[in-house]
Every structure is written in C-alpha cells, then in structure tokens.
Amino acid sequence: MNYQVTHITEVKYDALVNLARFNLRLKPADWPGQTLTSYRLDVSPAPKGIINESGPFVVNIARLTLDRPTASLTVTSEFSVRVDRASPEAEDASPVITDVRSQALADRGLTARDPANYLFASPIAAMTQEIAEWAASWLAGDNRVMAAAAGLMRAIHFEFAYDSKATKADTPPLEAFRARRGVCQDFAHIMIIALRHFGIPAAYVSGYLRTNPPPGRARLVGADATHAWVNVWCGASLGWIGFDPTNSMLVGNDHIFTAMGRDFADVSPLDGVFIGRAGQRMKVSVEVTPLDL
Amino acid sequence: MAASALIEPLRDYAVPNSKADLFTGSPENVATSWRRMAGGLAGLCDGRLGDIHDRLLRETTDLGMTFRLSGDTDERPWPVSPMPLLIGTQEWAGIAKGLVQRASLLERVIADIYGAQSLVADGHLPAAVVAGSASYARKMQGIMPPRGRYLQIYSVDLARGPGGDWRVLADRLRLPTGIGYALENRLAISRTTGTLLSDINARRLAGFFAELRRGIASSCERASPRIALLTPGEFNQSYTEQAHLARYLGFPLVEGRDLAVSQDRLYVRTIAGLKRIDAVWRWIGTEMLDPLAFDAHSQIGVPDMFDAWSSGDLAVANWPGVGVAQARAFSAFMPRLAKVLLGESLILPNMATWWCGQDEVRAVVRKRLDELVISSAFGTEVAGLKGGRTRTGASLNANERAELFAAMELRPIDYVGQEIVHLSTTPTLIGEKFEPRPFTLRAFVARGADGEWGVMPGGFARLSAQGDLRTSLMGEGDFSADVCVVDDVAIEQLSMLGPDKVPPVRRSGGILSSQAADNLFWLSRYSERTEITVRMVRNLLGSSIEVDGGSGRGEPSRRRLVDLLLNWGAIPAGAADLPMPQLCGRAFREQKLRGGIAALVDSIREIGRSLRDRMSADFWRVANQPIPPIDDKWAQTVLAASNIMIDRLSVLSGLAAENMARGPAWRFYDLGRRIERALSICRIARQLTGLDCGQDEYGLLLDLFDSQITYRSRYLVGPMRAPVADLILLDSGNPRGLLYQVECMAEHISNLPQLTDDGIPEAPYRQFSAMLANLRAMECESVDDAQLQDIETRLLALSDAISQRYFLQYERSDPPVRDTLLA
C-alpha cells in the first residue's frame, strides 16, 4: 500500500517569542515493512537552519532555530511511503512469557532496536503497581507472549473509553488509568507499563493511520491525527510486533510508523525552547491518503 | 600546650574489639596522634571538653555552613564533630592505591559503554545492567570527551570493617557531593583548633584542589581557560558547598540561565556581553543539562549545551552520562571487569554484590537471603521493597519474603543482594566524653595536570547513631567529621597556588555574570530600603517617647510618616490606627507585604544566599542574623531593635564600601543603593516639603536622612524649607542628599561596559543626563512637587533601562504540547 501523508502543525503565541529552538520528530525512521519514497519539510517563518540527525532511539530529529521574533510557526511535513508488512505470526507460534524474559536478558546489544532499552521504567512510563495488578491476569508466565499482549490490548480497548477531553499531554498514565478514559497516548503508556512490569520489553510508537477506510470498513479511531501504539518484543526470532490498543488490532498496512522510543517524550513531534513569556496554542491537521485507489 | 600533656581524654576510651575501632586499631605512632589531638582539644577549653562544641558551632555558623535535608525549606547548621578521624600514611597509601585502580577501571568501563560496547557484546556485562541505569544517556553514544577523559573527579564511599579491612560501598560518578563539605569541615576544624592539625602533621588539602583545578584546565584547548561551576541554584541541597568551592577555586558560579550557546561554543552572559567558557564543573545531572538534548522540561539547563561538548571543545567534568556506572548492579561485575580490562584483581574490594538478573545468581541470593541485604539494583522504587528501601533478608517476614520472591521472578533485573557490611567505629565526642560511633568515609579522587589520578589526603566522614549510613549524604541526627591523613614527621606542604607557578598579575576580578550583577544591584536596593524603613519606624517611636525632646513630633507629621509606610507596603491598611509601639512592631514583623521589614530582611538573605560565592564570611555573618526580638508593649524594645538593625545595615554598607574592589561588581552594588536612596529622598521630600508643611516636617526630613548635625552647624535657626531643601536635595557635598546620589550614579553609568548592537534604546540615559543637569541648576526656593515627581519617574526609568541592558532576559523551555488532534 502507498500513502501520501501531510501533517501540518500551526503554533500561535500570545506575544512575540525570540530565538526559538525546536526539535521536530516528524520524518519516519527506517522500520521493517515500510519504505519512505519522498519527504519534504517546510517551516514558516524560514528558520536560520535545519539540522537533520538520528536521535537516541528509533527516531529522526530535525533541529531548527528561528532567530527572528515571531508570533507563529507553521510546520508542514509531507511524505509518501510504501507499506508492505508481513502478516503477523499466529499467536501460538510465539514463545511463552518466561522465555521472552530470559531471551531479552540474553540479548547482547544496546542499539536503539535492542530490547534492553525498553525493559525499564522511563520518565513518563513509571512503574505502577496498580496498573500491574490490573494487568496480571493476562500476563502469567506460561502464556504465549502474543496472546498475552493481545489479551491486554483488548482489555484496554473494552474497559477504557476513548475521550480526547479527559486527558492532556502531561496527564500521568495512572490518572488516565483510574479514570478509565483517555486517548491513544494514554492507552499506549498504560499497556507499556503493564508489560514492562512483567519483564516484557515494550516501546512507544508514534505514527499515522489511513484517513479513509477501504470500502465496507469502518473508519478507525485516530485517523486524521497523529497516532500512537505499542511495540512488544516477542522474543529473539519474532522481534518487535505492533499492538494498537486504541483500535484493538495488530499493526498492519493501515499503520504508518514514524518513530519508536521508551515513551512519548522520546518521540514527541515537537518540543523546544524560546525566549519570552508567551502562552501558546497549537493546531494540527493530518491527511493520510492511499495512492493506490 | 602544657595543659594538653596532662589531659588524656582518650585514656578511658574502650571498645569490645580493639581492631573494630579506628583509634584502638591503629598502630602506635598513629595512636599517639589521636591522643595528642584529643588532649589538644581538651587543652583548648581548659579541660572542659564539652565547650569545644560551642566554639566549633560558632565557626561553622560564621562560615555560613548549612545544608538542607530533602523537604526542608530552611537551611540547617552543618553538624561537625570536633574530633577528626585520623588515618596513618601507611594505611592510607593502601587505600589510595585501590582508589586509583578503581578510578582507572571505571574510566575504561565507561569509555567502552559509550564507545565500542565490547563488554556487552562479549558477554562480560549484561546489556540490561547498562540500560537499567537512569543515568545511561544514549545520546552520548560515540561522543568522545577532550583528551579521552570521561571522569575528572571520582568520589566513593568506603567502609572500614571490624577487622580493619577497607571496602568500597558505592561509587559516586554523577556528582561529587561532599567534596565541598570536606573542605569546609577542614576549614572549621583548623580555625577552631589553632595549630593542632599541624602539630600532628595532618596533610593539607590545598595541593589536591590545586591539582584538581589544573586537571580540568588541562582538558581545555585554550591556555588560560575559563572554568565555571554550574549549579542547579540556591535551592539545591548542596548549594552552600558549591558556592564555597567556587569561591575557593576561583571558578565563576553560574546557573543555566547565565549561560548561552552560540555556534557550538558555551558563553556566560556577563555585564560586558558574552564571555567564552572552556570547561564546566557541573553539579547538575546529565538529564537536566540541556532541555533540547535531554529532558525537555528542564528549567535549569542550557539549550544546545550538547553541541558545545559534542561539536565544540567544551570540557565537562564529569562527562555527561558517566553516572551509568554507579548503579549498585555494576558492583556485581567490577571484580570481573578488573580482570578483563586491567588483568588485575581489585586492590580494594567492593561490597560483595549479586545481581539477580542471572538465573544462577538469583538462586544463590534466594538461598542465602538471611545473610544478605536486598536492594534495588538501580536505585528506583521496586516491588517488594517499599519506598525503594534496602532491607536485610533476615528482617523479612514470611509474607514479605514471598512477595519479594514473586516480584523478583517477574523483574529479576531490578534486584541485587549484597553482603552485610559491619562498620568500624571511631572516637566521637558526645558531650564531654568520647564514645565509639560507626562511620563511613567519602573519599575523593581527581585528575591532575598530567591527567594522572590523585587522591585527596582526607575526606568527609559521616557518623551515625543508627546503623544504616548508605543512603544520602546526611540524614537526620547524623553528623560529619573531618578526615586527616597523618604523617609521623612534618613534610613539605603545597600551597593552593602550587610550588611552581606565580599567576600572572591581574587587576580585574574575573567576570561578572548578568545574574550576579542583578543580584548585587537588588541586594543593595533592599538593604537601603530596609534602612530607610527602619529609620522611619525609629522616628515614629522617638516622637512617642520623648514628647518634649528635640525630636518630638506633632501628630500631623507622624501621620505623614504612617501614610508613607502604608504606601510602601510596610504595614497593612488595618495597622495604621494602632498605637505607635504596636504599629512599629507590626512593621518589623510584616512578612506578607513586600515592604515589611521582616520581608525585606528575608529578601536580603535570599539574594545574599545566591551571592554566597562573592560575599565574605563577615558579610554573611551579619546578613544572616535574625531580627532582634521585640515586645510591642515596650516601645523601648522596638526602639532597641531599630538601633540594632541600623547598626547592622551600617556594617553591611561599611563592608561593601571598605572591602569591595572597585570593579563592576561594586558599581552595580553601589548603583542599587544610590537609586534606592534617591527614590526615598524624592518620595519622602514630596510628603514633607508641601505647602502645608512646617518646621516639624522639615526637622523630620533632616532626621530621616541623618542631616541634623550638618544643618545645625550651618544654620542657627530651626529647620526652614529653603535651607533644608538645599541640604537634602541640592547640596552635592551631602552624602545623604539627592544630588550626591545622582552624581554617583552618573559616575557609575559612565564606567559600565558599553554594549553595542543590542537595540536597546539609549533614551533613558539621555534623559538621565538631562535630569542631572536640571538638578544642578535647580534653586532651593523653587523646588516643587512636580519636579520631584519628574525625577522619581526618571529614576525608575533608569532602573528599568539598567536591568534591560545588563541583566538577564529569561529563556524558558517549552515542553511538549500534545497535538490537539492526537488520537
């Protein structure tokens, strides 16, 4: 499947800000099953310079500096991508959780794709006993890891209400958990916390969903927006497999991968610093169009 | 010293096992030093040993030595034991050798983790042991430090076992907390004990610090590098030691907001523009150093500082990310890593440690649980150990044990088992008597000019009544002690400047950061404001006490003063009608309104604290005293408090006038005082020279600005409007008068560094000059309210212009905001 993605971010400040510096994490990083065929980043007002680098996790970072006072910023990230993921393995073919645990510890790598980095609490996804207790019934050691992760994913989908008003970017996952409502970011964090508590490596993925479903299928939650889901490390031979708790589905050809990190903070689409004391508002629009239709 | 020969306070000191105490277990030559030291302490107080505590407390208070426990809002006095720990050179040489080996080993391990990663690839170090540490900074991968030095300063906690054997409890690589306290302890002890330390041939610390400074300098590209000490700010637990170190080493003390990065170079914002920084000794954790590279929420870091060390040549001590190797889990692998990397065994063993991430090791820990302590492997909160606390296996009941084992099966990587370390004791002066107390010792190792490791001949000891000393720097009820390495005979001592180099002669005192200039400016403004407020209060009282005396005031002029106090926010509206002593007492105690005397004194102390590296101990001693006690019922106590306050403020301004070098720091300090005083003169003169004013008011004006004597020496008549206005406003020879203040300001302003191309309007400066010219041309008969108001407005504009031009404009981080559409 080929997609054209246009992601426009508009930031408006209440007053002029000076010397603003941003990190943009918008350009999809390399990931199996998808190929980036074109990419364009447009920033207005024009920055002094843009430095492209790969970040400490599976993430591309564009760093930019605005050296003239401005009251607004518009970032347009546009790309086409070919997605061709292999169908996931049958759940029964995946190893049991205790084996995943020991395989993760036997792994002798420290790269951004190795499981060791995703085993521990991270700044947003702090260890939370309450979430672990809730998740325990799906994550017994002799369960097949894919079946266990799928069970957890379905549980989140059914027990939690999708509610974009309920949480904000910095709402701690535990608060969303207690309220049993939130958005994809909250669901992904809750699932990550639960999995890591049981020694299963789990990562936060940012990306996109196709906007219009194929004929006869319902529109997915999270289309028209940036999306987030969970990569679960399912043992040395299967590696990372994507689970989307917001839609209760395995990640397939409707999902476009942008970046993977320990939690939202590692892959946040935009952050930065500026001189000034202005408040800000942000408006985002995303269009994901299939090109093959 | 005759007395000390007779007094032997340690004669009756006894412990059950003589080896398990630092004194009783020491060889005879060192034991002699112990006895001399203890006898000397007693000799200092004519045999009343208990008196030494008070003497020492006076020194630590005068030195401004304080600390905070987590959760404290106020600083506490630093508790030091008068009796240092004495260690003989021979024993110390063994420890030092072990520490140097360990520093070299840690350096190699860290270089591998952030470089080739062969230790992990070859299976010598599990990947999870690296990734589990919150200090592992993936962004530092492949970034080499200048000269390849990841570690510049290494601190380490040691324990002496009951058999006299030393071992490593914990490595401290992130921050060298305690190194400044070691210096302060030594200073306090040597000030208290006169020549005692040199009598017992205690090695001095100065040489170590001189080498440490040269070590950091030798990592820099420029020959005369500028090295800054980067502090998280005055609210940090160890801010006082940071300030002390900065002052001692001559490093500018800077906060993140003082610094800026431009084209991969780090600069400090000074009153003369940006000045390049070659190296930073950082007291901020890696994750907070740069909001653009690490935690986007950091408010204490420097945006793009990462570029200054990765692409530029900024040296950072210690290199960001080195904290990775200080996790407890690492200790389990140190013996093996020593073999792999050095081909040696550890000279100084660390506490035996078992990391539960390996199945067979976990089995051992489960089996030997009763002989071990169980801890979180990476210092984070983990299931089964409430509050992240270390527990002895033996103390766990059946339920807790089951809970711990279950949690350990799920996340074995989070746990370590460690041997139980028993601590030696050291003679500690409790009241009048020496008693044995368990101790741990924090030692410090630093690279010198040649990059070789040197060990501080001493350190920082922590003594406790309880057993557990492994958590923080200082706990409730603990105290610290100096550690002295003692020689049998006197050896030649190095001074701070070193034996070989006389520094090039300089007359300017380093740099003045914009932040420090800002603080100096406001420190003097607040002092001046306090002084005039206290003078007003004193005058109110004076009138109520000496009804018929020379300073007797009528009700109308008193009302005018009360109105001024109300206007300035020195008293709340409701207090205006209180009887005079209560009203004045209220002004003293007022803490909520910014103009209250208590609030002003708080502001002075707060600003003084952030200037601690620039202020002498004398200054701090005076500034830090609380407001004297007052009793509203007794006007005399309020009056006495006013006089004490005026004395103190005079001491502060005297110290500044007589002791501050005439550089930019002094100019900003004095400028603040002049502006504040000029503003007070305008405001008070407007109230007291109006058309409806008379002798009473004019006399009050003379009193408030301390000009009675001058007036009386010039005029035989009582206070009249024109001569008073001339003396207070227009006489450039009156140091309490308006024109004098304005002329001083003009002199300062013309001597401040000129900044170009910053786009800040010059208008306030031009207007200020115009005002000065007007003021000089003014005639005392015609001065009116409008003129004074105009001067007041221009003074305020000048103050704003100065802060715009020389002080900081804040850069703030802009943490991630969620897309409104995020699903």
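Note on naming: letters A, B, ... go to the chains in the order of the sequence lines (proteins, then strands), and numbering restarts at 1 for each one. On a predicted model such as this, the values are computed, not experimentally measured, just so you know.
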- Item | Interchain contact, B/D290 with chain A, by part (heavy-atom threshold 4.5 Å) | neither
- Item | B/L410/A/R101 under side-chain contact (heavy atoms from CB on, under 4.5 Å): CA gap, chis, key distance, verdict | CA-CA 8 Å; B/L410 298 181; A/R101 217 176 271 150; 3.5 Å; yes
- Between A/A112, A/A121, A/G182, which shows the greatest number of heavy-atom pairs under 4.5 Å with chain B? A/A112
- Task: Side chain from CB out, backbone as N, CA, C, O: work out which of these in A/E53 comes under 4.5 Å of a heavy atom of chain B, or both, or neither.
- Result: side chain
- Distance in Å, B/D304 CG paired with A/R63 CZ, rounded so as to fall on 0.5 Å steps: 5.0 Å
- For B/A296 and A/D271, the nearest pair of non-hydrogen atoms, with its separation, is CB-OD2, 3.9 Å
- Task: Measure distances from A/A104 to the heavy atoms of chain B and classify the residue's part below 4.5 Å as side chain, backbone, both or neither.
- Result: neither
- Message: If you compare all heavy atoms of A/L110 against all heavy atoms of B/A127, which two are closest, and at what distance to 0.1 Å?
- Response: CD2-O, 3.7 Å
- At a heavy-atom separation under 4.5 Å, does B/E409 approach chain A through its side chain, its backbone, both, or neither? backbone
- Could you walk me through whether B/L292 and A/R21 pass the side-chain contact (heavy atoms from CB on, under 4.5 Å) check? CA-CA 8 Å; B/L292 287 170; A/R21 284 179 275 196; 3.8 Å; yes
- Do you know which of B/I113, B/D122, B/D359, B/V129 has the most heavy-atom pairs under 4.5 Å to chain A? B/D122
- Neighbourhood of chain A inside residues 135-145 of chain B, taking heavy atoms under 4.5 Å as contact: B/Y136, B/R138, B/K139
- Donor-acceptor pair, side chain of A/N117 and main chain of B/A131, under 3.5 angstrom: no
- Item | Closest non-hydrogen atom pair between B/A128 and A/L119, with its separation | CB-CD1, 4.4 Å
